[in-house]
Amino acid sequence: MVADVCATSYRETLSAALADATPDACIYAAGIGRVLDLASPAEAEVVTTNLTGAVITAEVVLPRMVAARRGHFLGLSSQADRLIDDGAPSYAASKAGLSSYLEGLAFACRPHGVAVTNVRFGFVATTMSEGQGPRPFVISAERAAALIERCLKRRPIRFTAPWRMAIALWFLGLGRRVRIWLS
């Protein structure tokens with residue numbers, strides 16, 4: 001199913017599509033990012049797409065899965081969830097919120113037979129990542145799909161790839177946190 005998660009009718013559209021169905025899996029893969037423009041910020045759409053849409057999707061899908069005592073809800077977050085990003089704060093913040101939300105849901109849903117996985121990729125070679133400048137440790141869309149398939153089988157709470165990117169971002173984030181502490 002394809003639907004606009006920013007549309008006011010999204011919840012009703014998704015509910016109607018699942019009227020008599022309990023999905024075995026739901027992959028929330030919607031995501032956008034924008035460079036911050038302080039002259040005319042457009043941050044709400046980023047947060048709505050990356051975080052609020054996932055929450056609405058979970059509100060519709062998870063009760064069906066919990067009632068059936070089966071299913072897997074998987075959300076694509078980002079390794080940017082650990083950054084303080086002055087270039088795209090809405091992207092980093094929405095992905096941080098999504099990661100926290102998914103991992104909290106994972107603990108709440110496990111006793112009911114439902115898995116929730118937070119997938120945290122670095123750069124994936126997609127249309128969205130084109131033109132963003134350097135993309136260290138980029139993985140192909142095919143590799144990302146294979147890793148998602150592996151997550152659907154293994155059902156981890158958190159999955160991060162590639163690890164080299166995670167380590168690099170940890171050091172970058174440490175530098176930003178030191179700047180905050182010293183200011």
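- A donor-acceptor pair is defined here as one N or O able to donate and one able to accept, closer than 3.5 Å; such a pair exists between the side chain of R64 and the backbone of V60.
- The shortest non-hydrogen separation linking G97 to L51 is C-CD1, 3.7 Å.
- In this structure, E59 CD and S15 OG are separated by 10.0 Å, a value rounded to the nearest 0.5 Å.
- G31 and N50 make their closest contact through CA-OD1, 3.0 Å (heavy atoms, listed as atom of the first residue, atom of the second, distance).
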Would you give me the side-chain donor-acceptor pairs under 3.5 Å for residues 111-124, sequence neighbours excluded?
from	atom 1	to	atom 2	distance (Å)
T117	OG1	H72	NE2	2.7
T117	OG1	P156	O	2.5
N118	ND2	S99	OG	3.2
N118	ND2	E103	OE2	2.7
R120	NE	D81	OD1	3.2
R120	NE	D81	OD2	2.8
R120	NH1	T160	OG1	2.7
R120	NH2	D81	OD1	2.8

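- F137 approaches P162 most closely through the heavy-atom pair O-CG, 3.4 Å.
- At least one donor-acceptor pair closer than 3.5 Å links the side chain of K95 to the backbone N or O of L76.
- Pairs engaging residues 20-38 under the salt bridge (Lys or Arg N to Asp or Glu O under 4.0 Å) rule: D24-R70, R34-E45 [sequence neighbours left out].
- Between the OG1 atom in T49 and the CG atom in L98 there is a gap of 12.0 Å [rounded to 0.5 Å].
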*May I have the step-by-step check of side chain to side chain contact (heavy atoms under 4.5 Å, CB included) for I56 and L14, ending in yes or no?*
CA-CA 9 Å; I56 292 168; L14 183 58; 5.6 Å; no

*Go through the steps for R154 and F159 under the test side chain to side chain contact (heavy atoms under 4.5 Å, CB included), then give the verdict.*
CA-CA 10 Å; R154 294 186 180 174; F159 180 81; over 6 Å; no

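- I167 contributes atom CD1, which lies 7.5 Å from atom CH2 of W163 (distance to the nearest 0.5 angstrom).
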*Verdict with supporting geometry, Y91 and L83, side chain to side chain contact (heavy atoms under 4.5 Å, CB included)*: CA-CA 10 Å; Y91 182 79; L83 291 179; over 6 Å; no

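- To the nearest 0.5 angstrom, C109 atom SG is 10.0 Å from L102 atom CG.
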*Might you work through the side chain to side chain contact (heavy atoms under 4.5 Å, CB included) test for C26 and M65, ending with a clear yes or no?*
CA-CA 10 Å; C26 177; M65 290 179 173; 4.2 Å; yes

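- In this structure, the separation between OG1 on T22 and CZ on R69 is 13.5 Å, given to the nearest 0.5 Å.
- Residues V5 and Y28 meet the side-chain proximity criterion, which asks for heavy atoms closer than 4.5 Å.
- With rounding to the nearest 0.5 Å, the separation of CZ in F73 from OG1 in T57 is 5.5 Å.
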